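The structure displayed is predicted, hence computed values, not measured ones. Naming convention: chains lettered A, B, ... in sequence-line order (proteins, then strands); numbering from 1 in each chain.
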Protein chains: 2
Amino acid sequence: MARKQGSHSDITGPRVRDAALRLIAQHGYAAVSMRQIAGEVGMQAGALYNYTPDKQTLLFDLMKDHMVALLAALKDLPSRTEALARLEDFTRFHIRFHVPRPDQVFVSYMELRNLSPENFAMIEAMRRRYEDALEDILRAGEAEGAFDMKDTRVTAMALIAMLTGISNWYRADGRLETETIETIYWDLVRKAVTT
Amino acid sequence: MARKQGSHSDITGPRVRDAALRLIAQHGYAAVSMRQIAGEVGMQAGALYNYTPDKQTLLFDLMKDHMVALLAALKDLPSRTEALARLEDFTRFHIRFHVPRPDQVFVSYMELRNLSPENFAMIEAMRRRYEDALEDILRAGEAEGAFDMKDTRVTAMALIAMLTGISNWYRADGRLETETIETIYWDLVRKAVTT
DNA sequence: CGTTTAACTGAACGCTCGTTCAGATGCAAA
DNA sequence: TTTGCATCTGAACGAGCGTTCAGTTAAACG
């Protein structure tokens with residue numbers, strides 16, 4: 001029964017990754033079996049190995065793609081000059097990027113433990129670059145005299161944790177629009193760091 | 001070889017829970033086997049069932065005890081009258097309680113998915129009580145005219161996420177003392193919500 | 001000192017796991 | 001129409017899983 005109509009590698013590959021992402025976000029990497037993922041796509045477990053060398057690499061690729069997309073999108077942000085404007089851009093960008101991707105956020109922040117040491121190091125390095133981008137803005141604001149905080153590094157971590165925490169309570173059918181959430185959080189961020 | 005010297009239920013019970021907590025925090029609930037936990041304590045897997053009816057209950061008890069201890073400690077906070085003072089007490093309390101318990105924080109925030117529906121509901125209800133305590137303070141501050149924010153519920157969630165995020169980067173042998181961390185975060189919290 | 005019993009061992013239960021692979025299948029090229 | 005090959009099936013591999021339980025051990029009790 002192999003090679004049904006319209007069942008090609010170009011289509012099955014993404015379907016495998018989508019199913020893996022959703023299942024891992026829901027139940028966790030260790031709790032999801034290759035058979036479950038295959039079943040979600042409508043195939044046998046063995047066929048998954050046409051699309052990934054092993055389960056670990058499947059997880060790593062999901063997390064890597066998320067981080068690559070995040071850093072690429074960040075790079076495309078129009079870089080304004082004033083630190084306050086840059087911070088607002090960063091804040092709104094973070095929310096706009098993460099809110100529509102709850103599964104990626106879940107996996108990227110909860111499955112770090114299940115990465116092999118080498119894979120963990122690569123993901124961690126990308127996360128670090130993202131954190132550094134925020135810290136740069138905070139330092140620039142301090143130099144301008146527009147911002148004032150006790151510790152730029154810790155403040156960067158604090159702000160990212162606050163923003164990413166949205167995924168803990170946000171529901172697409174909830175009472176708040178993304179735009180409203182941006183306004184609420186930008187208000188908090190701005191007040192927290194400005195002089 | 002059963003019943004070695006000094007090996008009684010009063011001692012083994014806590015050792016089982018300590019081992020389970022550390023291992024689950026490190027590798028995740030689904031990735032840790034009963035045999036691993038038993039091995040850490042120096043016994044066979046079957047003997048664990050003298051101390052827990054099953055693996056799920058072991059996880060639930062770890063999370064329940066953490067939340068019970070958190071809510072009990074919160075209750076013992078001397079309740080001052082001014083909202084600003086209450087918010088400072090809450091902020092410093094949260095940090096002081098969570099920083100020395102990184103494993104409990106990890107487990108309580110990452111293993112919610114692995115709780116049975118009934119157990120999840122119980123933990124979630126306790127978390128809700130904690131969040132409500134903070135929201136009460138924010139509302140009181142608004143009524144006083146001392147605080148100003150767009151949405152008290154969302155702000156409460158944002159602040160808790162920010163504070164709990166400390167566990168993502170804090171290391172006991174790092175450059176910062178708990179007292180210093182309290183100062184940094186209280187500065188952020190206060191500025192974010194005051195008028 | 002003999003008996004009881006809490007605490008534990010070690011083996012077993014049925015099941016699921018990640019992964020491999022020979023063989024089946026059907027589209028595309030020749 | 002025949003051939004080649006990408007794709008998938010279905011079975012199998014050894015290993016480990018949570019849990020149960022009859023039997024062993026040694027501390028505590030009468």
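- Taking the centre and axis of the six-membered ring of B/Phe106, the NZ or CZ atom of B/Arg22 falls outside the cone set by 45° and 6.0 Å.
- Remark: A/Asp54, A/Lys55 in residues 52-62 of chain A come within less than 4.0 Å of DNA chain C through at least one heavy atom.
- Salt-bridge check for B/Glu40 with B/Arg15: failed, with every basic side-chain N at 4.0 Å or more from each acidic carboxylate O.
- Salt bridge A/Arg129/A/Glu135: absent, no basic N to carboxylate O contact under 4.0 Å.
- Note that CG of A/Asn119 is 11.5 Å distant from CG of A/Asn114, once rounded to the nearest 0.5 Å.
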Identify all pairs in which a protein N or O lies below 3.5 Å from an N or O of nucleotides 11-15 of chain C, and state each distance.
| residue | atom | partner | partner atom | Å |
| --- | --- | --- | --- | --- |
| C/dA12 | N6 | B/Arg35 | NH2 | 3.2 |

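- By the side chain to side chain contact (heavy atoms under 4.5 Å, CB included) test, B/Asp18 pairs with no residue at all, sequence neighbours left out.
- With sequence neighbours left out, B/Gln44 forms a side-chain hydrogen bond (donor to acceptor under 3.5 Å, both in side chains) with no residue at all.
- Taking atom OH of B/Tyr49 as the reference point, atom C1' of C/dA7 lies 17 Å away to the nearest angstrom.
- The separation between A/Gln36 atom CD and C/dG18 atom P is 8 Å, rounded to whole Å.
- Using a 4.0 Å heavy-atom criterion, one finds that A/Val32 contacts the sugar-phosphate atoms exclusively.
- Between B/Thr12 and C/dC8 there is a side-chain polar atom (N or O) within less than 4.0 angstrom of OP1 or OP2.
- To the nearest 0.5 Å, atom CZ of residue A/Phe147 and atom CD1 of residue A/Ile137 are 8.0 Å apart.
- For the pair B/Tyr51 OH and C/dA6 P, the computed distance is 12 Å after rounding to whole Å.
- Residues satisfying the salt bridge (charged side-chain N to carboxylate O under 4.0 Å, His left out) criterion with B/Glu182, sequence neighbours excluded, are B/Arg92, B/Arg96.
- A heavy-atom distance below 4.0 Å to DNA chain C is reached by none of the residues of residues 112-119 of chain B.
- In this structure, the CD atom of B/Gln44 is 15 Å from the C1' atom of D/dG18, given to the nearest Å.
- Every residue two or more places apart in sequence or in another chain was checked for a salt bridge (charged side-chain N to carboxylate O under 4.0 Å, His left out) with B/Glu82, and none qualifies.
- Between B/Ala156 and B/Glu131 the shortest heavy-atom distance is CB-O, 4.3 Å.
- Every residue two or more places apart in sequence or in another chain that forms a side-chain hydrogen bond (donor to acceptor under 3.5 Å, both in side chains) with B/Arg128 is listed here: B/Asp132.
- The aromatic rings of B/Phe97 and B/His66 are tilted relative to each other, their planes meeting at an angle between 30° and 60°.
- Counting to the nearest Å, the C1' atom of D/dT9 and the CE atom of A/Met34 are 16 Å from each other.
- Computed from C1' positions of five pairs at each end, the angle between the two local axes of the helix from C/dC1-D/dG30 to C/dA30-D/dT1 equals 10°, rounded to 10 degrees.
- A/Leu48 places its CG atom 13 Å from the P atom of C/dC17, with the value rounded to the nearest Å.
- Taking B/Glu124 as the reference, nothing meets the side-chain hydrogen bond (donor to acceptor under 3.5 Å, both in side chains) condition, with sequence neighbours excluded.
- Remark: nothing in residues 15-30 of chain A comes within less than 4.0 Å of DNA chain D through any heavy atom.
- Not a single donor-acceptor pair under 3.5 Å links the side chain of A/Gln36 to the backbone N or O of A/Leu23.
- Residue pairs meeting the side-chain hydrogen bond (donor to acceptor under 3.5 Å, both in side chains) criterion with at least one member in residues 157-169 of chain A, sequence neighbours excluded, are A/His94-A/Thr164, A/Trp169-A/Tyr185.
- Remark: A/Arg86 fails to qualify as a cation-pi partner of A/Phe90 under the 6.0 Å distance and 45° angle criteria applied to the six-membered ring.
- Considering only side-chain N and O atoms, A/Ser33 lies nowhere under 4.0 angstrom from the phosphate OP1 or OP2 of C/dT16.
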